[in-house]
Enquirer: 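Here it is: the structure, laid out below.
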Number of protein chains: 2
Amino acid sequence: MTSTPLTRSEAKDLTRRKLIRAALAILDEEGEAGLSTVKVAKAAGIAQSSFYVHFKDMQELLRVLAEEGGERLRATMREARRKAREHPGDLGLHRETFRIPLESICRHPELLRIQIRARHDPSSSLRDFAVETAAAYREHHAADLAALGYTADDERDRRRLEMIADGINAATNALAMGHLEGRYPDLDEAADILTALSRGALRWLRATSNHEPSDPS
Amino acid sequence: MTSTPLTRSEAKDLTRRKLIRAALAILDEEGEAGLSTVKVAKAAGIAQSSFYVHFKDMQELLRVLAEEGGERLRATMREARRKAREHPGDLGLHRETFRIPLESICRHPELLRIQIRARHDPSSSLRDFAVETAAAYREHHAADLAALGYTADDERDRRRLEMIADGINAATNALAMGHLEGRYPDLDEAADILTALSRGALRWLRATSNHEPSDPS
DNA sequence: AATTTCACCGATAGTACTATCGGTGAAATT
DNA sequence: AATTTCACCGATAGTACTATCGGTGAAATT
């Protein structure tokens with residue numbers, strides 16, 4: 001009941017945050033096509049025209065959204081990496097490597113949903129961001145695998161490591177989405193499967209590296 | 001130079017095909033947000049208002065597009081399955097199981113792109129179709145794995161098989177997209193990796209089935 | 001206390017699109 | 001040959017949205 005007296009800039013910043021929150025919610029619920037200055041402003045409780053006090057246009061708001069989302073994703077990757085470094089060589093850790101991204105996705109599923117959508121939508125303003133994020137994620141994961149002892153010396157092995165990382169990443173996203181949709185209740189089970197998938201790939205990598213050109217049997 | 005005299009219904013059908021083709025191209029290049037009766041009609045070479053001679057509205061055109069795309073996808077699945085049945089127990093075939101979808105994706109990449117986009121876009125008219133297609137693909141693949149001898153008897157194993165199929169499917173899509181983007185030049189290599197991934201998962205499945213509750217080491 | 005700043009407002013011009021309607025001429029039918 | 005059908009056309013009313021502009025009052029500054 002105590003009225004909180006805000007300075008003008010504090011109030012402005014609050015409104016800005018409201019706009020960003022509103023945009024994120026609409027983006028998640030209705031997609032980029034559902035975004036409009038009308039809807040975002042109304043959801044934030046201000047007039048449509050006041051939207052432009054805070055952002056030059058919708059494009060700029062989306063850019064800000066992408067930057068903030070990217071920061072959150074990078075922080076997650078850093079955390080996962082740090083944990084992996086704390087216990088090098090730990091086998092149970094291999095599994096942990098997969099639990100962390102799964103959990104982080106489930107904590108903020110809207111970020112992944114938006115990213116996946118933008119990644120494949122040529123009309124999306126967030127497309128470049130999404131493509132870069134996906135590439136960063138892929139390389140991060142490839143580095144993780146390399147850290148587990150599967151260093152790639154030549155071009156071919158490096159590419160293979162990247163392909164494996166790409167595949168595992170995609171599988172991670174798919175299982176996380178399935179979990180959110182209620183199909184896969186147990187995240188640990190998902191982590192186990194990802195571990196098993198990556199073990200299979202790495203076993204193959206070891207078997208074919210500097211040996212036969214290509215024989216997965 | 002010989003003018004082909006078309007009956008009225010032939011001409012109408014031709015225009016209809018042109019509209020569908022134009023819509024598919026625009027959908028792939030600009031996304032669903034870029035679709036409009038103006039653009040589609042113009043690209044097909046008719047007046048915007050004539051669009052409505054062929055379709056009730058854009059929604060209906062999208063439905064038709066989804067149905068045709070779905071038919072093509074189902075045909076691919078049937079073909080893959082048929083081939084797998086021809087050589088049961090063939091180990092090299094396990095690899096073939098992955099090459100066929102990869103090739104089919106690369107033959108019509110726009111179908112997958114559109115599907116992935118729609119799958120995660122709440123505003124998409126094609127969403128239901130995309131979700132159903134993804135589910136069908138997942139179950140198809142789970143059945144494929146079961147056919148390889150990893151029959152799932154209880155609820156847990158069935159779910160695990162579905163999770164593995166889901167993961168492998170996602171990886172398949174990711175590698176196909178990477179191939180199309182020029183990152184992975186060799187489709188065979190991609191098929192090898194998918195084979196290796198699935199071997200790892202199935203090995204784990206065999207190791208934990210009806211034994212320990214969950215231990216991936 | 002007087003003045004300035006500025007976050008927000010309502011109104012509105014401009015843009016892009018949808019979907020309908022009456023008209024037209026060639027194909028199809030009689 | 002006369003009549004009907006219909007794929008397509010241009011015009012247009014209606015809808016949703018963007019982005020600007022002048023105005024307002026409370027906060028901030030003088």
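Chain identifiers are assigned alphabetically (A, B, ...) following the order of the sequence lines, protein sequences preceding nucleic acid strands; residue numbering begins at 1 within each chain.
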Enquirer: In Å, rounded to the nearest 0.5 Å, how long is the span from CE of A/M58 to OG of A/S36?
Expert: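 Output value for this atom pair is 6.0 Å.
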Enquirer: Within this structure, what is the CG-to-P distance between B/L61 and C/dT18, rounded to whole angstrom?
Expert: 11 Å
Enquirer: Quick one: A/L6 CG to C/dC6 P, roughly how many Å, whole number?
Expert: 18 Å
Enquirer: Kindly determine whether A/E32 and B/R117 satisfy salt bridge (Lys or Arg N to Asp or Glu O under 4.0 Å), including the steps that lead there.
Expert: CA-CA 12 Å; A/E32 206 166 333; B/R117 225 181 293 151; over 6 Å; no
Enquirer: Quick one: on DNA chain C, does B/Q48 or A/I46 contact a more 5' nucleotide (nearest heavy atom)?
Expert: A/I46
Enquirer: Hey, are A/R63 and A/E67 close enough for a salt bridge, meaning a charged N less than 4.0 Å from a carboxylate O?
Expert: yes
Enquirer: Nearest-Å distance, NZ (B/K42) to C1' (C/dC17)?
Expert: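 Value for this atom pair: 14 Å.
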Enquirer: Treating a pair as Watson-Crick (purine N1 to pyrimidine N3 plus N6-O4 or O6-N4) or G-U wobble (N1-O2 and O6-N3) with both distances under 3.5 Å, list the stems of 3 or more consecutive pairs that involve DNA chain D.
Expert: C:1-30 with D:1-30
Enquirer: Once you round it to whole Å, what is the distance between C1' of D/dA16 and CE of A/M58?
Expert: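 Whole-Å distance recorded here is 13 Å.
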Enquirer: Under 4.0 Å, heavy atom to any atom of DNA chain C: which of residues 23-38 of chain A qualify?
Expert: none
Enquirer: One pair to check against salt bridge (Lys or Arg N to Asp or Glu O under 4.0 Å): A/R159 and A/E162. What are the steps and the verdict?
Expert: CA-CA 5 Å; A/R159 188 183 58 238; A/E162 197 183 317; over 6 Å; no
Enquirer: Nearest 0.5 Å please: distance from the CG atom of B/L62 over to the OG atom of B/S125.
Expert: 5.0 Å
Enquirer: Take atom CD of B/E10 and atom P of D/dA7, then tell me their distance rounded to the nearest Å.
Expert: 13 Å
Enquirer: Given C/dA19, D/dA7, D/dC9, which nucleotide is nearest the side-chain atoms of B/K12?
Expert: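 Looking only at side-chain atoms, B/K12 lies closest to D/dA7.
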Enquirer: Kindly determine whether B/D166 and A/Y184 satisfy side chain to side chain donor-acceptor pair (under 3.5 Å), including the steps that lead there.
Expert: CA-CA 11 Å; B/D166 205 355; A/Y184 314 134; 2.6 Å; yes
Enquirer: Using the closest heavy atom to pick a nucleotide of DNA chain C for each, name whichever of A/A47 or A/R8 lands nearer the 5' end.
Expert: A/R8
Enquirer: Determine the interplanar angle of the B/H140 and B/Y137 rings, folded into 0 to 90°, and report it as parallel if under 30°, tilted if 30 to 60°, perpendicular if over 60°.
Expert: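 The arrangement is parallel - the two ring planes meet at less than 30°.
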Enquirer: Can you list, by residue number, the residues of residues 49-57 of chain B that have a non-hydrogen atom closer than 4.0 angstrom to DNA chain C?
Expert: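 DNA chain C contact set from residues 49-57 of chain B: B/S49, B/Y52, B/D57.
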Enquirer: I'd like to know whether CZ of A/R158 has more than 12 heavy-atom contacts from other residues, nucleotides or ligands below 6.0 angstrom.
Expert: yes
Enquirer: Using 4.0 Å as the upper bound for N to carboxylate O, is an ion pair formed by A/R119 and B/E181?
Expert: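 A/R119 and B/E181: salt-bridged.
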Enquirer: Testing the 3.5 Å rule here: is there a donor-acceptor pair between the side chains of B/S123 and A/E30?
Expert: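 A/E30 and B/S123 do not have a side-chain donor-acceptor pair below 3.5 Å.
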Enquirer: What are the two closest non-hydrogen atoms of A/L19 and A/L61, and how far apart are they?
Expert: O-CD1, 4.5 Å
Enquirer: Select one nucleotide: of C/dA7, C/dC17, D/dA19, the one nearest the side-chain heavy atoms of B/K39.
Expert: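 The answer is C/dC17.
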